[in-house]
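Any value given below was found using the heavy atoms of this structure, including those in side chains, with hydrogens, waters and symmetry copies removed. Numbers here are sequence positions counted from 1.
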Amino acid sequence: MPGGGSVSYRMARRSVLDSLRRGTVGRAEVCDAHPELIRAAVHQGQPVDEPCPLCGGKMCHVAYVFGPRLPAHGRCVKDDAEVQKIRDRAGDFTMYVVEVCPSCRWHHLHSAEVL
């Protein structure tokens, strides 16, 4: 994403869900969110209106920012104010948003954006 922009992973999500429906991918393979991701979803995730495609539970978005002077594992950001503070810093930063269902542990990369 040189020069800014964003990427949506909606088509990849649809492909995973189609594979699950066809039985070529097992539910355990797509409902395997790491405990830290579940914890971040519960405590810092932003609720979304769309229900989980697998269990119908409440999903949320968890955003991580990577870039200079941030931890190697990225920084989990809770809201737009935190994102804006990072945008105001010098350097190239990329934000990844993951959709997560804490109920069934479904997770999928939702989008990526150069800040």
Side-chain angles (χ1 to χ4, degrees):
M1 294 175 288
S6 63
V7 175
S8 171
Y9 291 88
R10 199 96 177 136
M11 290 178 66
R13 177 187 193 262
R14 185 177 314 145
S15 176
V16 168
L17 292 172
D18 288 344
S19 295
L20 185 63
R21 285 186 197 103
R22 285 192 309 268
T24 56
V25 171
R27 188 168 174 144
E29 293 177 67
V30 297
C31 292
D32 63 347
H34 190 277
E36 286 297 322
L37 181 57
I38 297 297
R39 190 177 352 270
V42 169
H43 297 288
Q44 293 188 308
Q46 295 297 312
V48 295
D49 292 332
E50 186 178 353
C52 174
L54 300 182
C55 74
K58 295 185 184 220
M59 284 200 312
C60 60
H61 284 169
V62 179
Y64 292 95
V65 178
F66 294 84
R69 296 176 312 280
L70 292 178
H73 53 75
R75 176 182 290 164
C76 185
V77 293
K78 187 172 183 169
D79 55 30
D80 291 337
E82 282 188 72
V83 173
Q84 189 57 49
K85 285 180 186 177
I86 292 172
R87 282 184 199 271
D88 293 342
R89 295 167 69 175
D92 294 325
F93 297 93
T94 303
M95 179 172 67
Y96 296 91
V97 178
V98 180
E99 65 179 22
V100 181
C101 175
S103 298
C104 72
R105 299 183 60 197
W106 156 263
H107 63 103
H108 197 273
L109 182 59
H110 178 268
S111 60
E113 177 184 357
V114 173
L115 300 180

Ring pair (Phe, Tyr, Trp, His ring centres under 6.0 Å) partners for Phe93, two or more places apart: none
Shared hydrophobic cluster for Met59 and Val16 (ILVMFWY, side-chain gaps under 4.5 Å): yes
Min side-chain heavy-atom separation Ser103-Cys52 under 4.5 Å: no
CZ-CD1 distance between Phe66 and Ile86, expressed to the nearest 0.5 angstrom: 11.0 Å
Atom of Arg27, atom of Cys55 and distance for their closest heavy-atom approach: NH2-CB, 3.9 Å
Linked, directly or transitively: Leu70 and Val98 (ILVMFWY side chains, under 4.5 Å): no
side-chain contact (heavy atoms from CB on, under 4.5 Å), paired with Tyr64, selected from Leu37, Val77, Thr94, Val97: Leu37
Note: Lys85-Asp88 ion pair, threshold 4.0 Å (strictly below): no
Please output the side-chain donor-acceptor pairs of residues 104-111 that fall under 3.5 Å, not counting sequence neighbours, one pair per line with the distance.
unit_1: Arg105; atom_1: NE; unit_2: Ala33; atom_2: O; d: 3.1
unit_1: Arg105; atom_1: NH2; unit_2: Ala33; atom_2: O; d: 2.2
unit_1: Trp106; atom_1: NE1; unit_2: Glu99; atom_2: OE2; d: 3.1
unit_1: His107; atom_1: NE2; unit_2: Asp32; atom_2: OD1; d: 2.7

Reported CD-to-NZ distance for the pair Gln46 and Lys78, which is rounded to 0.5 angstrom: 7.5 Å
Crowding at CG, Asp80 (>12 non-hydrogen neighbours, <6.0 Å): no
Nearest-0.5 Å distance, CD of residue Glu36 to SG of residue Cys76: 10.0 Å
Minimum heavy-atom distance Val100-Ala41, with the two atoms named: CG1-CB, 3.7 Å
Donor-acceptor pair, side chain of Ser19 and main chain of Ser15, under 3.5 angstrom: yes
Flag, side chain of Asp18 to backbone of Arg21, donor-acceptor distance under 3.5 Å: no
Nearest-0.5 Å distance, OG of residue Ser6 to CG of residue Leu115: 10.5 Å
4.5 Å side-chain heavy-atom contact, Arg89 and Pro68: no
Euclidean distance, Leu54 CG relative to Leu17 CG, rounded to 0.5 Å: 6.0 Å
